[in-house]
Structures are given as C-alpha cells and as structure tokens.
Asks: 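For reference, the structure I am asking about is given below.
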Amino acid sequence: MDNKLYLVIPCYNEQEVLPETAGRLKEKLQSLIEKEKIAEGSRIVFVNDGSGDRTWEIIKELHEADSIYSGINLSRNRGHQNALLAGLMTVKDHAELVISMDADLQDDVNAIDEMIDKYLEGTDIVYGVRSSRTKDTFFKKATAEGFYKLMNTMGANTVFNHADYRLMSRRALDGLAEFGEVNLFLRGIVPMIGYSWDVVYYERGERFAGESKYPLGKMVSFAVEGITSLSTKPLRMITGLGFFIFLVSIGMLIYSLIRHFMGATIVGWTTLMVSVWAIGGLILLSLGVVGEYIGKIYLETKMRPRYLIEQFLHEDA
Ligand code: UDP
Ligand code: MG
C-alpha cells in the first residue's frame, strides 16, 4: 500500500505552540502508520509564513532531528491563505493525500482518522466542520458565524463552519493548481474543483498557547476578499438598487406633478436636502463597490507570483 499522507501547517509566529504541535502530530502520524492506513514516508510539513520570531529555527531543528518533519520557508509574510497554498502546491507531487490544518491544534487531530477512512472509501475532498463553537469567545463565535452567513448571501458559497482543515487527494490538488487567480480564497475555490466530497465533524478546541493571528480587522478584510474574489453579486445588487430608485423617482415625479396642478407646491427645502444626500451617498457607495472590482482586475493583470519559496527542507522517502 502506498498512501503517503502529508500534513501541511502554515505557521506565523508560532514559537509557543510549535514544539507541542510537532510532538502531537508525530504521534498521530505514527499511530496511523502502525494501523497501516498511511504509508511509511508520510510527512509533517510546516510552512513558515515570514515569522518574526524563532518559528523557522524551530522548524529547522525539528527537520534535522527527524526526517518526518519538513519545512518550507516563504520569503516573507504572505498571509494564511497564500502560505497554505504554497504548502499544498509544494507537496502535491510527493503525496497521495494532503491534510491542511492550523498550527495551534484548535482543530481536533483525531478527526484525521475519519478523514482518511473517507479517503480510503474513494472521497477526494473531506471538509472538517466544527460541530460547535463552545470553546470560542462569544465575540469570536458571533463574528465568525456572521462571516459565513454574509459570504453565502453575497454569492460566495462556502461550507458552513469549515475553516481550512481539510483532506485533499492528489487529483483534487492538481485541480486546484489549475486555478490561476491571484486573489485566493481557498474555502471558496476548493468546492469549485468538484469530485466527490464529504464532511467530518469535530469539536473545536482552544488555542493552547500564543494569541490568535486573526483579529477582527483581518477577519473583515478576509470576508471582503472572499466575496469580491468569488462573486460579482454585489455588482448585480447595485443594478437592482439603481432600478428600484429609478422606480421611486418616477413615483415622486407623478406625485409632484399632481401636487403642482393642485396648486399646493411650496417646494420643500427638506426634501431637496434629503434627496441630495441620499443620492450622493448611494452614488459613492456604488462607486466604491465598482472600484473594488476594478482594483481586483488591476491586481490580477499583474500576474504576480502568489508566493516565493526560500527553502524547502525535505527528505523524500
Ligand atoms: N497564519 C499564517 N499567516 C498569517 C496569519 C496566520 O500562516 O499571516 C497561520 C497561523 O500560524 C495559524 C493559522 O494561520 O496556523 C490560523 O491562525 P490563527 O489560529 O491565529 O487564527 P484563528 O484560529 O484565531 O482564526
Ligand atoms: Mg487558531
């Protein structure tokens, strides 16, 4: 049997959690190898996303001590999604199946067993889905769930309560490699690949050390990025809004003509002011959204590389 599993873990300033994470993942991998679910040469690959702390030194030490650990060092901080993509694209030709997860082990490692079972049954993509968020603070939970709802109403279809904890087969990764877009939102792109897919539920735990690298500001920009990279629904909504306002203005025209012929027009200053402001605001808002897309076109046409790898420490089995 030759089912090489590679775990891909993006790391940004994770020196507090890395040693513990590395130990727990190695245990997991070894138990899976013993159960003959995965092949001997399986690896744990840490992607260092331009950390400012000792993260890369720790990864290098791990790799030197044990070839089960591999490391990818990005040239600078490129954000979680790009770091993850760098990892996936780098390992895809070495592995039969790849699982991505966060460095803080908030995603239950024991869900891996079930993911692999589904893979062995022939599923190409298995999404890890949080069954509850009891361990998150109320604020994090509310903002995160609002995030998924907003995404879906805006036309960016994602799997509810699924972060980037997922298994992908090599075939699915080859599919992912075909998507050339620079503004990358993996959770929205992966469902577009197709193939057979399934879901595994798990309890999301607490970060056991260090701080969240996703404060509210980053979450909001992540949502905006997701919506504008995946769908043009906001543009459609502006068209709808414009049409609605046009209808209202016809109504207003008829109303003011009737009032005029009734001789009851003392032209209202208030009405005038209100409409000037309302319309001005709408125009600006619409321009802003259109601008978002123009910005995207601008960035896409540059065809910038999504990541650059400085070093790949790896021993193929
Ligand atoms: N991460 C990254 N680059 C960044 C920010 C975060 O690679 O610029 C990684 C981080 O090390 C972690 C994962 O992305 O492995 C998720 O981050 P975090 O746990 O802080 O997010 P949260 O769970 O709070 O949403
Ligand atoms: Mg986390």
Side-chain angles (χ1 to χ4, degrees), residues 1-11 18-48 58-73 83-103 105 107-129 162-178 186 190 193-202 309 311-317:
M1 185 199 62
D2 198 24
N3 272 331
K4 263 189 279 173
L5 165 70
Y6 274 51
L7 293 177
V8 173
I9 297 121
C11 307
L18 257 184
E20 171 77 20
T21 300
R24 286 205 223 165
L25 290 178
K26 183 179 166 182
E27 249 172 60
K28 186 85 229 167
L29 230 57
Q30 280 174 339
S31 86
L32 286 164
I33 292 170
E34 269 164 38
K35 286 186 214 154
E36 297 195 345
K37 282 196 176 177
I38 57 170
E40 199 69 50
S42 297
R43 294 273 178 272
I44 301 162
V45 185
F46 294 108
V47 183
N48 176 37
I58 296 171
I59 296 170
K60 276 198 286 196
E61 284 162 22
L62 285 167
H63 173 74
E64 274 152 31
D66 191 338
S67 65
I68 199 169
Y69 300 112
S70 297
I72 295 171
N73 195 23
L84 188 51
L85 184 77
L88 295 177
M89 292 300 113
T90 310
V91 307
K92 82 178 169 63
D93 297 324
H94 301 278
E96 271 70 51
L97 60 156
V98 176
I99 295 178
S100 52
M101 63 192 305
D102 291 351
L105 294 192
D107 309 313
D108 181 12
V109 285
N110 295 317
I112 292 178
D113 296 81
E114 215 181 312
M115 285 183 171
I116 291 172
D117 289 342
K118 302 226 163 168
Y119 168 80
L120 294 174
E121 286 162 18
T123 313
D124 281 281
I125 302 171
V126 186
Y127 299 98
V129 171
H162 158 72
D164 285 296
Y165 186 24
R166 84 177 82 76
L167 178 149
M168 291 176 80
S169 67
R170 180 186 289 191
R171 183 163 73 153
L173 286 172
D174 282 336
L176 178 63
E178 297 291 315
L186 282 171
V190 174
I193 298 171
Y195 296 126
S196 56
W197 61 278
D198 209 333
V199 163
V200 160
Y201 293 94
Y202 68 94
I309 288 165
Q311 204 177 355
F312 180 30
L313 295 175
H314 179 251
E315 227 172 82
D316 225 337

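Counting from 1, the numbers follow the sequence of the chain as shown.
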Asks: How about Asp198 and Ile125: do any of their side-chain heavy atoms sit closer than 4.5 Å?
Replies: no
Asks: Which distance, rounded to the nearest 0.5 Å, do you find between the CE of Met115 and the CG of Asp113?
Replies: 10.5 Å
Asks: Using the benzene-type ring in the case of Trp, are the ring centres of His314 and Tyr69 under 6.0 Å apart?
Replies: no
Asks: Let me see the working for Lys60 and Leu313 under side-chain contact (heavy atoms from CB on, under 4.5 Å), right down to the final yes or no.
Replies: CA-CA 8 Å; Lys60 276 198 286 196; Leu313 295 175; 3.6 Å; yes
Asks: Do Val47 and Ile9 come close enough that some side-chain heavy atom pair is under 4.5 Å?
Replies: no
Asks: With the side chain counted from C-beta on, respond yes when Val190 and Met168 share a heavy-atom pair under 4.5 Å apart, and no when they do not.
Replies: yes
Asks: Whether the side chain of Ser100 engages the backbone of Tyr165 through a donor-acceptor N/O pair (distance < 3.5 Å, no angle test) should be reported.
Replies: no
Asks: Would you say OH of Tyr201 has more than 12 non-hydrogen atoms from neighbouring residues, nucleotides or ligands within 6.0 angstrom?
Replies: no
Asks: Going by atom type alone, with no hydrogens or angles, which donor-acceptor pairs under 3.5 Å involve a side-chain atom of residues 86-94 and a protein atom two or more places apart or on another chain?
Replies:
| from | atom 1 | to | atom 2 | distance (Å) |
| --- | --- | --- | --- | --- |
| Thr90 | OG1 | Ala86 | O | 2.4 |
| Lys92 | NZ | Asp174 | OD1 | 3.0 |
| His94 | ND1 | Asp316 | OD2 | 3.0 |

Asks: State the CG-CG distance between Leu85 and Leu176, to the nearest 0.5 angstrom.
Replies: 6.0 Å
Asks: For His162 and Tyr127, I'd like to know if the aromatic rings sit close, meaning centre-to-centre distance below 6.0 Å.
Replies: yes
Asks: Could you check whether any side-chain N or O of Ser196 sits under 3.5 Å from a backbone N or O of Asp124, counting only pairs where one atom can act as donor and the other as acceptor?
Replies: yes
Asks: With no hydrogens and no angle check, is any side-chain donor or acceptor of Ser169 less than 3.5 Å from a backbone partner on Ala172?
Replies: yes
Asks: How about Asn110 and Lys28: do any of their side-chain heavy atoms sit closer than 4.5 Å?
Replies: yes
Asks: Nearest 0.5 angstrom please: Thr123 OG1 to Ile116 CD1, how far?
Replies: 12.5 Å
Asks: Does any non-hydrogen side-chain atom of Leu29 lie less than 4.5 Å from one of Ile68?
Replies: yes
Asks: Is there a side-chain contact (heavy atoms from CB on, under 4.5 Å) between Leu25 and Met101? Walk through the geometry before answering.
Replies: CA-CA 11 Å; Leu25 290 178; Met101 63 192 305; 4.0 Å; yes
Asks: Grab the two heavy atoms, one from Val200 and one from Ala111, that are nearest each other, plus how far apart they are.
Replies: CG1-CB, 3.9 Å
Asks: Taking all non-hydrogen atoms of both residues, which atom of Gly71 and which atom of Ile59 are closest, and how far apart?
Replies: CA-CG2, 3.6 Å
Asks: I'd like to check Ile193 versus Glu178 (side-chain heavy atoms, cut-off strictly below 4.5 Å). Are they in contact?
Replies: no
Asks: How many angstroms lie between atom CG of Leu97 and atom OG of Ser42, to the nearest 0.5 angstrom?
Replies: 7.0 Å
Asks: As an exercise, state the distance from CG of Leu7 to CG of Leu32, rounded to the nearest 0.5 Å.
Replies: 8.5 Å
Asks: Looking at residues at least two apart in the chain, or sitting in another chain, which of them share a salt bridge (charged side-chain N to carboxylate O under 4.0 Å, His left out) with Asp108?
Replies: none
Asks: Glu96 vs Lys4, test: salt bridge (Lys or Arg N to Asp or Glu O under 4.0 Å). Steps then yes/no.
Replies: CA-CA 5 Å; Glu96 271 70 51; Lys4 263 189 279 173; 5.4 Å; no
Asks: Do Leu5 and Val98 touch side chain to side chain, with heavy atoms closer than 4.5 Å?
Replies: no
Asks: Tyr202 and Gly128: which non-hydrogen atoms are nearest, and at how many Å?
Replies: CE2-C, 3.4 Å
Asks: Measuring from atom CG of Asn3 to atom CG of Leu120, what distance do you get when rounded to the nearest 0.5 angstrom?
Replies: 5.5 Å
Asks: Between Glu20 and Arg24, is the closest basic N to carboxylate O distance under 4.0 Å?
Replies: yes
Asks: If I compare all heavy atoms of Tyr6 with all of Gly41, which pair ends up nearest, and what's the gap?
Replies: CE1-O, 4.0 Å
Asks: Any side-chain heavy-atom pair from Phe46 and Leu18 closer than 4.5 angstrom?
Replies: yes
